[in-house]
Visitor: 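Starting off with a structure, shown below.
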Amino acid sequence: MIDIRPFASLGGANHGWLDAKHHFSFANYYDPARESWGNLRVWNDDTIAPQSGFPPHPHRDMEIITYVREGAITHQDNLGNLGRTEAGDVQVMSAGTGITHAEYNKEDVTTKIFQIWIQPTQTGEKPSWGARPFPKDDRAGQFVVLASGFAEDTDALPIRTDARVIGATLKAGETATYRLGRDRRGYLVPATGAIEIEGKRIAARDGVAISDQAAVVITALEDSEIVLVDAA
């Protein structure tokens, strides 16, 4: 099944400094048909104004992956972690038994992120945070695992859940295949560009919920940057 969720259909709220769009029920947005997708619970498309951001707030028992699309995000938490993650790069926070963090756009330009929350399969562990660069050239024409709960994905940021977060950059006309498996669920969003799956056009920031598919074949109609979650 391929279920396209157009960007215009997403919930959300504009707070002035933050324009947030929600692929799944979140905060004051509730849609019983879009509460989660497997163990994927949240996919927020956030546009954050310069010199603004989220003040300190707590999390617990959640794997939170931030994919920076434009600008940069600065993270600070009560464990002493401090880091700045730039466009194309990824940060991961395993909230574990509890963590308080802040996220700020300290840049003079707008920052755009995807923030993805996945329910953990391991609980009761200490919280942690990490980030690393993922050059877009390394993803050219192919999928690269950015964050993973599987030990064999040694180059990915570790998360404590049965899931992977994957990225690819495709030139117009290029095709890439991801072998999902019929027992898995996929959720895909083009950060930029436009793609085609099974003859269906998907524009930038549209969501695609995928199930009962052994493999997903993606063709870029324009130069495209793609993020995919492979969920249990």
Side-chain angles (χ1 to χ4, degrees), residues 5-24 26-27 40 42-55 57 64-76 81-93 101-118 129-147 156-157 165-172 174 176 187-195 202-208 218 220-229:
R5 302 175 175 182
F7 179 75
S9 74
L10 303 182
N14 192 331
H15 304 279
W17 66 273
L18 169 67
D19 187 2
K21 298 294 184 183
H22 310 311
H23 285 263
F24 301 98
F26 187 84
L40 172 60
V42 170
W43 191 312
N44 287 346
D45 180 327
D46 292 337
T47 300
I48 307 166
Q51 304 300 327
S52 68
F54 303 90
H57 57 283
I64 300 175
I65 301 97
T66 303
Y67 181 95
V68 183
R69 295 153 47 213
E70 294 182 22
I73 197 80
T74 297
H75 164 101
Q76 187 169 10
N81 295 309
L82 175 64
R84 178 178 175 273
T85 306
E86 299 181 346
D89 299 340
V90 179
Q91 67 174 16
V92 164
M93 187 174 72
H101 79 136
E103 292 172 293
Y104 295 111
N105 175 13
K106 295 188 175 182
E107 316 302 311
D108 293 326
V109 297
T110 298
T111 287
K112 297 180 180 180
I113 64 172
F114 289 149
Q115 191 165 91
I116 297 162
W117 297 16
I118 307 175
W129 176 85
R132 61 157 292 184
F134 287 94
K136 292 182 183 180
D137 288 349
D138 292 352
R139 296 179 252 154
Q142 63 179 344
F143 287 101
V144 170
V145 182
L146 309 175
L157 286 161
V165 180
I166 300 139
T169 55
L170 301 179
K171 295 289 187 182
E174 285 188 325
Y187 198 85
L188 179 152
V189 182
T192 60
I195 62 173
I202 297 111
R205 303 166 78 186
D206 290 351
V208 186
I218 300 159
L221 302 176
E222 304 171 3
D223 291 355
S224 300
E225 181 180 348
I226 300 160
V227 182
L228 167 68
V229 170

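The structure displayed is predicted, hence computed values, not measured ones. Just so it is clear, the values below take in all heavy atoms, side chains as well, and ignore hydrogens, waters and symmetry mates.
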Visitor: Between CD1 of I195 and CG of D223, what distance do you get to the nearest 0.5 Å?
Guide: 13.0 Å
Visitor: Is the backbone of F7 close enough, under 3.5 Å, to the side chain of D206 for a donor and an acceptor to pair up by distance?
Guide: yes
Visitor: Check whether T111 reaches the backbone of A72 with its side chain - one donor and one acceptor, N or O, closer than 3.5 Å.
Guide: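 Yes, because the side chain of T111 sits within donor-acceptor range (under 3.5 Å) of the backbone of A72.
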Visitor: Is any side-chain heavy atom of T85 closer than 4.5 Å to one of I73?
Guide: yes
Visitor: Please tabulate, one pair per line, all N/O donor-acceptor pairs under 3.5 Å involving side-chain atoms of residues 137-144, not counting sequence neighbours.
Guide:
unit_1 : atom_1 : unit_2 : atom_2 : d
R139   : NH1    : Y67    : OH     : 2.8
R139   : NH2    : G88    : O      : 2.8
R139   : NH2    : F134   : O      : 2.8
Q142   : NE2    : D138   : O      : 3.0

Visitor: Ignoring hydrogens, what is the shortest heavy-atom contact between S224 and A220? Give both atom names and the distance.
Guide: OG-CB, 4.1 Å
Visitor: Has the side chain of H101 got a donor or acceptor atom that lies under 3.5 Å from a matching backbone atom of H57?
Guide: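 No; zero donor-acceptor contacts below 3.5 Å.
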Visitor: What is the minimum heavy-atom distance between A203 and P190, and which atoms define it?
Guide: O-CG, 3.6 Å
Visitor: What pairs with Q115 under side chain to side chain contact (heavy atoms under 4.5 Å, CB included), at least two apart in sequence or on another chain?
Guide: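 Q115: side chain to side chain contact (heavy atoms under 4.5 Å, CB included) contacts with I64, T66, E103, I113, W117.
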Visitor: Taking side chain as C-beta onward, heavy atoms only, is L188 less than 4.5 Å from I218?
Guide: yes
Visitor: Do the side chain of T169 and the main chain of K136 share a donor and acceptor less than 3.5 angstrom apart?
Guide: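 Yes: the side chain of T169 pairs with the backbone of K136.
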Visitor: Is any side-chain heavy atom of R132 closer than 4.5 Å to a side-chain heavy atom of V90?
Guide: no
Visitor: Just jot down the side-chain hydrogen bond (donor to acceptor under 3.5 Å, both in side chains) partners of E107, sequence neighbours excluded, or say none.
Guide: R84
Visitor: Do V189 and D45 pass the side-chain contact (heavy atoms from CB on, under 4.5 Å) test, and can you show the C-alpha distance, the side-chain angles, and the key distance before you say yes or no?
Guide: CA-CA 10 Å; V189 182; D45 180 327; 5.7 Å; no
Visitor: Applying side-chain hydrogen bond (donor to acceptor under 3.5 Å, both in side chains), which residue pairs with at least one partner in residues 11-22 are found, sequence neighbours left out?
Guide: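 Residue pairs passing side-chain hydrogen bond (donor to acceptor under 3.5 Å, both in side chains), neighbours aside: H22-N44.
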Visitor: Can you tell me if T192 uses its side chain to pair, donor with acceptor, with the backbone of E225 under 3.5 Å?
Guide: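 It does hold such a pair.
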Visitor: Can you name the closest pair of heavy atoms from I116 and I118 and give their distance?
Guide: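 Closest approach of I116 to I118, heavy atoms only: CG2-CG1, 4.0 Å.
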Visitor: Are any non-hydrogen side-chain atoms of L18 and S52 less than 4.5 angstrom apart?
Guide: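 A side-chain contact is absent here, since even the closest heavy-atom pair is not under 4.5 Å.
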Visitor: Would you give the length of the straight line joining atom CD of E222 to atom CG of L170, rounded to the nearest 0.5 angstrom?
Guide: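 The CD atom of E222 sits 12.5 Å away from the CG atom of L170.
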Visitor: For P55 versus A102, what's the shortest heavy-atom pair and its separation?
Guide: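 It is C-CB, 4.0 Å.
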Visitor: Rounded to the nearest 0.5 Å, how far does OG1 of T47 lie from CZ of R69?
Guide: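 Here the interatomic distance stands at 6.0 Å.
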Visitor: Would you check if N81 and H75 make a side-chain contact, meaning some heavy-atom pair closer than 4.5 Å?
Guide: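 A side-chain contact exists here, since the closest heavy-atom pair is under 4.5 Å.
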Visitor: Tell me every residue that passes side-chain hydrogen bond (donor to acceptor under 3.5 Å, both in side chains) with Y187, counting only those two or more places apart in sequence or in another chain.
Guide: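 side-chain hydrogen bond (donor to acceptor under 3.5 Å, both in side chains) list for Y187, sorted by chain: H23.
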Visitor: Would the W43 and F24 ring centres measure less than 6.0 Å apart?
Guide: no
Visitor: Working to the nearest 0.5 angstrom, can you tell me the gap between K106 NZ and T74 OG1?
Guide: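 If we round to the nearest 0.5 Å, K106:NZ and T74:OG1 are 5.5 Å apart.
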Visitor: Can you measure from OG1 (T110) to CD1 (I48) and round to the nearest 0.5 angstrom?
Guide: 9.5 Å
Visitor: If you define the side chain from C-beta out and look only at heavy atoms, does anything of F114 sit under 4.5 Å from V229?
Guide: no
Visitor: Which residues satisfy the side chain to side chain contact (heavy atoms under 4.5 Å, CB included) test with A147, sequence neighbours excluded?
Guide: I65, V92, L157, I159, V165
